[in-house]
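Note sheet for the following structure.
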Amino acid sequence: MELSSPLSIVKGLGPAREKVLNEQGLFTVSDILYYFPRRHLDRTVLTAIKKLEKGNIVNIIASVETYGERSIRRGKIFQVIVSDGTGLLTLSWFNGVRYIKNMIKKGQRLAIFGKVDWYKGFTITHPEFEILDDTDDVSILGGVIPIYPLTKEFHSVGLEQRRLRSIIKKVLESKLLIPEIFSQLALNKLNLIPLEKALNLIHFSENIGELDLAIRRLKFDEHFFLQLLVALKKNEIKSNGTKALSDIGPYFKKISKSLDFELTNAQKRVIQDIHKDLKFSRPMNRLIQGDVGCGKTVIAILIAALAIGNNVQVAVLVPTEILAVQHFLSFKSEFDKVNIACSLLVGKMKKIEREPILNGLKTGRVSAVIGTHALIQKDVNFKNLGLVIIDEQHRFGVNQRAQILKKGFNPHLMSMTATPIPRTLAITYHGDMDLSIIDELPSNRLPVKTKVVDPMRMKKVYDFIKDKISLGKQCIIVYPLVEESEKSDLAASVEAYEILSNSHFLNIHVGLLHGKMKTNEKENIIRQFKDNKIKILVSTTVVEVGLDIPNATIMLVEHAERFGLTQLHQLRGRVGRGSEKSYCILVKRNITDVSQTRLAIMEQTNDGFEIADADLQLRGPGEFFGLRQSGFVQYKIANLATDGEIIREARQFAFDLVKADPNLQSQSNKEIRKIFKNNYADQIKNLKLI
Ligand code: ADP
Ligand code: MG
């Protein structure tokens, strides 16, 4: 048996089971060894029922005595009474837990985890639990019991906890060769146990100390391969040649002199960072990170002007059409001063509008183009694309980035984001880029005053808005996505627009903006809002990025509880862009404990980093990044949010390794190269060096 052998060679896995495992993505002996327990039950810290105390969080093993369901005032309650020989404990579930009802049988042994409460006896509400099979099962195990993630498909072919355990045990006890990927020297230095040992201990260990060693080793491996990918990518980018953009050129100077504000020190520093990069004939790959409103756009305009002064073209890629339109207007008003030809390219354009732009890019007549995903299309070709700027880069996947870059000969890349990600995440997700941080807002800014309000007080809120409008200010009202469907968020905003413009705001010019509008309609609405003709803009979340209208000083977010904190922070960033006091009103329509806590954070701070940290804690990294980063691997055991120290060690080790052996050619890195090529095929297919 080898790690790469198919599952059929494992005793106890017939065709039916193999099929189910295949469907779960498990094909080889190695896959099943890397099917790690979801959690571990430490038998040395089991609590006897008679020792329970209210409020404690406990692990208990007990058998089902009886169970049943009954009606209560608000629905139904399903209860299971268990005993461990020292006492009785009630487990309770409220409403709609059919799958649990179907699983429970009399006499079953359960491993239970949860917080103890007292209600006519000890009880745990909605406990975590696993079904253990029978007594000898647990007795063949060491002190720590592995609990695997089993879906109902597993159960349907008899792959229960006990069966899976014994299969994995058999595999580990066979003459299976598990090659080590690191040298003994490295293992010592990094304080890691051998891989073979780790794979044994993660499944079967005597105590938590052993288990921790296994976890550390396996986490390290996962982070290591990811950092290896990052290191190789970075190396590869640096090994390409490109045109250096060394002149400041006439446009940059002229535009920077004509700005009606002084650049902040942070903006100046970032421009210097970028200019230094551009002087080399290796492509720049730099991420500019700065909180909403810190002034990234003007940097993009100036750098684009600098590049064009070196006779190359510039493409600016943005995630939404509204942002494209908005940026186009900003770029154009500066570029008109120096006669740079600049165009807008978005998906909804007619052929007749599109054609001359495509032609202009191909012949070089157009020097700068601002656009959405439409820029990535096949028929978009450049004469000499020298610089790509990606705004709100966290909204793009790795592939889209690669596609736009292919339109030039190794063009320089400048990415921008307002999403302040905690450092441990940044070195992984942006690890192949150099980073510049804008840690300063223009000096005229006042913090946005934020208030969470109850729907009962809407009349007051509307009066407040009317008041501000009579003083010349403007307001944005945002409606969220309802149930994930664009149609209904559209419906909600359209409906609100009708109601508001015919009731509270009868004599005020209210405008409507949503994603389904034609490009020129959007352009028209934004322009009217910019010119202060429209006083109140009712919108869907399409305004999340891009709207830059300093006179808008009130942001009202409806159903605020439906948004993530980072998104609320972005939305709030639409106001407070000038020197006037600004307000953000978050209307909570449906509130739970969690959303209450979340929204309160918005009242307390305007700092994007603090908000991102809170968001990460509350939602975890997966949600934090959304689906956008789909180019990355799924973690088995690693945790980006909490493995800070291991990540740093793995990163250092991976970067040193690539420095010493850039193509992983040496004999000592043979195993690493092999696993890397097997397991990370998708991620490395664009790497030429490997
Ligand atoms: P973001 O970094 O969120 O993209 P923007 O580039 O849209 O921010 O800038 C926000 C607002 O601040 C814009 O209206 C812009 O003109 C203005 N701005 C940018 N830099 C400065 C500065 N140094 N001083 C004053 N206002 C500035
Ligand atoms: Mg911006």
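Indexing begins at 1, ligand by ligand and atom by atom, following the structure's order.
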Electrostatic pair [X]:[Y] at N-O distance under 4.0 angstrom:
| X | Y | answer |
| --- | --- | --- |
| R589 | E561 | no |
| D434 | K234 | yes |
| D548 | R577 | yes |
| E523 | K530 | no |

Would you call C294 a ligand 1 contact, heavy-atom distance under 4.0 Å?
yes
Output the list of atoms in ligand 1 that are nearer than 4.0 Å to some heavy atom of [X], sorted by atom number.
| X | value |
| --- | --- |
| T264 | 23 (N) |
| L263 | 23 (N) |
| P442 | 21 (C), 22 (C), 24 (N), 25 (C), 26 (N), 27 (C) |
| T297 | 4 (O), 5 (P), 6 (O), 7 (O) |
| E262 | 22 (C), 23 (N), 24 (N) |
| R445 | 11 (C), 12 (O), 17 (C), 18 (N), 26 (N), 27 (C) |
| V292 | 3 (O) |

Tell me: protein heavy atom nearest [atom], and distance?
| atom | value |
| --- | --- |
| atom 8 (O) of ligand 1 | G295 N, 3.4 Å |
| atom 16 (O) of ligand 1 | F261 CE2, 3.7 Å |
| atom 15 (C) of ligand 1 | D548 OD2, 4.2 Å |
| atom 7 (O) of ligand 1 | R577 NH1, 2.8 Å |
| atom 20 (N) of ligand 1 | Q267 NE2, 3.0 Å |

Donor-acceptor pair, side chain of E603 and main chain of V452, under 3.5 angstrom:
yes
Main-chain N/O of F331 paired to E334 side chain as donor or acceptor, under 3.5 Å:
no
Using a distance-only test with no angle check, is there a side-chain donor-acceptor pair under 3.5 angstrom linking Q474 and T553?
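There is no such pair between these side chains.
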For ligand 1, is there an N or O atom under 3.5 Å from any N or O atom of G293?
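For ligand 1, there is an N or O atom that lies under 3.5 Å from one belonging to G293.
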Under 3.5 Å between any N/O of N444 and any N/O of ligand 1: does that happen in this structure?
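There is no such contact.
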With a cut-off of 6.0 Å (strictly less than), are more than 12 heavy atoms of other residues, nucleotides or ligands near NZ of K332?
no
With a 4.5 Å heavy-atom cut-off, do S333 and L329 have their side chains touching?
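When only atoms from C-beta onward are counted, L329 and S333 do not touch, as no gap falls below 4.5 Å.
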In terms of ring plane angle, is the pair Y462 and H504 parallel, tilted or perpendicular, where the classes change at 30° and 60°?
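Correct class here is tilted.
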